[in-house]
Amino acid sequence: MNDPTASCLFCRILRGEIPSRKVYEDENVFAFEDINPQAPTHVLIIPKKHFAGLKEAQVEDAELIGQCHLAAAEIARERKIEHGYRTVLNVGPGAGQSVFHLHVHLLGGRSLRWPPG
Ligand code: AMP
Ligand code: ZN
């Protein structure tokens, strides 16, 4: 009861209840194609452990957050987009966070402007 993972979209993807296009998986991390890509490469990398976002992360989640970023770097290497890519954590609704299971966006394959909107 009151299990936040029951209705969480990304936990449902992890459980296979909702289909996704898997890009990478290991013991702690899962990565899949974003359904509404904003760049030629737009991959979401999530920890298999549910927590809502960076704001809610605990000290013990530090390694998982790092692993998500290292997975992004590996995917970027495989996709040959290392000339310039971006990893993004949207934190809170005001920054566009719409799914409250921490996820790293990996965006690349086109030129990326700064600052982001
Ligand atoms: P954010 O707005 O930072 O919370 O990012 C959520 C991302 O999840 C958005 O880029 C969405 O396009 C993406 N998204 C939503 N539903 C799905 C889905 N079923 N499969 C893959 N990506 C999704
Ligand atoms: Zn979740």
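Every number for a ligand or one of its atoms is a count from 1 in the order of the listing. Along the sequence shown, the residues carry numbers beginning at 1.
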Going by the atom numbers of ligand 1, which of them fall below 4.0 Å from some non-hydrogen atom of Phe32? 21 (C), 22 (N)
Within-shell test, Arg21 vs ligand 1, heavy atom, strictly < 4.0 Å: no
With backbone taken as N, CA, C and O and side chain as the heavy atoms from C-beta onward, which portion of Val88 lies under 4.0 Å from ligand 1: side chain, backbone, both, or neither? neither
So which bit of Phe100 gets within less than 4.0 Å of ligand 1, heavy atoms only: side chain, backbone, both or neither? neither
Asp26 side chain near Glu74 side chain, heavy-atom distance below 4.5 Å: no
Mind checking whether His103 has a heavy atom under 4.0 Å from ligand 1? yes
Check whether any side-chain N or O of Arg110 sits under 3.5 Å from a backbone N or O of Gln38 as a donor-acceptor pair, and report yes or no. yes
Quick one: look at Asn90 and ligand 1, take heavy-atom pairs under 4.0 Å, and tell me if it's side chain, backbone, both or neither. side chain
Heavy atoms only, cut-off 4.0 Å: how does Glu33 contact ligand 1, side chain, backbone, both, or neither? backbone
Which residue and heavy atom of the protein sit nearest atom 12 (O) of ligand 1, plus the separation: Asp34 OD1, 2.6 Å
Ser98 N/O under 3.5 Å from ligand 1 N/O: yes
Would you mind checking if Lys49 and Glu63 are paired as a salt bridge, meaning a charged N to carboxylate O distance below 4.0 Å? no
Please list, in number order, the atoms of ligand 1 under 4.0 Å from a heavy atom of Asn36. 12 (O)
Taking the side chain as every heavy atom from C-beta outward, state whether His103 and Ile45 have any pair of such atoms under 4.5 Å apart. no
Of His105, His101, Gln97, which has the heavy atom at the shortest distance from atom 3 (O) of ligand 1? His105
To check your reading of the model: name the closest protein heavy atom to atom 16 (N) of ligand 1, its residue, and the distance in Å. Leu9 CD2, 3.3 Å
Please say whether Pro19 places an N or O atom under 3.5 Å from an N or O atom belonging to ligand 1. no
Measure up the Phe10 and Phe32 rings against each other and bin them: parallel (under 30°), tilted (30 to 60°), perpendicular (over 60°). perpendicular
Indicate yes or no: at least one non-hydrogen side-chain atom of Trp114 is less than 4.5 angstrom from one of Leu112. no
Is there a side-chain contact between His101 and Leu14 in this structure, where contact means two heavy atoms from C-beta onward sitting under 4.5 Å apart? yes
Polar contacts were defined as any N/O atom of the residue lying under 3.5 Å from an N/O atom of the ligand; does this apply to Leu44 and ligand 1? no
Report the C-alpha distance between Glu27 and Lys48 in whole Å, list the side-chain angles of each, state the deciding distance to 0.1 Å, and finish with yes or no for salt bridge (Lys or Arg N to Asp or Glu O under 4.0 Å). CA-CA 8 Å; Glu27 190 185 348; Lys48 289 186 174 176; over 6 Å; no
Gln97 and Asn90: which non-hydrogen atoms are nearest, and at how many Å? OE1-O, 3.3 Å
Angle, ND1 of His101 through the Zn ion (ligand 2) to ND1 of His50 - 10° precision: 110°
For Ser20 and ligand 1, answer yes if some heavy atom of the residue is under 4.0 Å from a ligand atom, otherwise no. no
Got a donor-acceptor contact below 3.5 angstrom from the Arg15 side chain to the Thr5 backbone? yes
Closest approach of any protein heavy atom to atom 17 (C) of ligand 1, naming residue and atom: Ile35 CG2, 3.6 Å
Would a 4.5 Å heavy-atom cut-off, applied to side chains only, mark Thr41 and Tyr85 as touching? no
Please identify which atoms of ligand 1 are closer than 4.0 Å to at least one heavy atom of Phe10. 8 (O)
shortest atom 2 (O) of ligand 1-to-protein heavy-atom contact is with Gly96 O, 2.6 Å
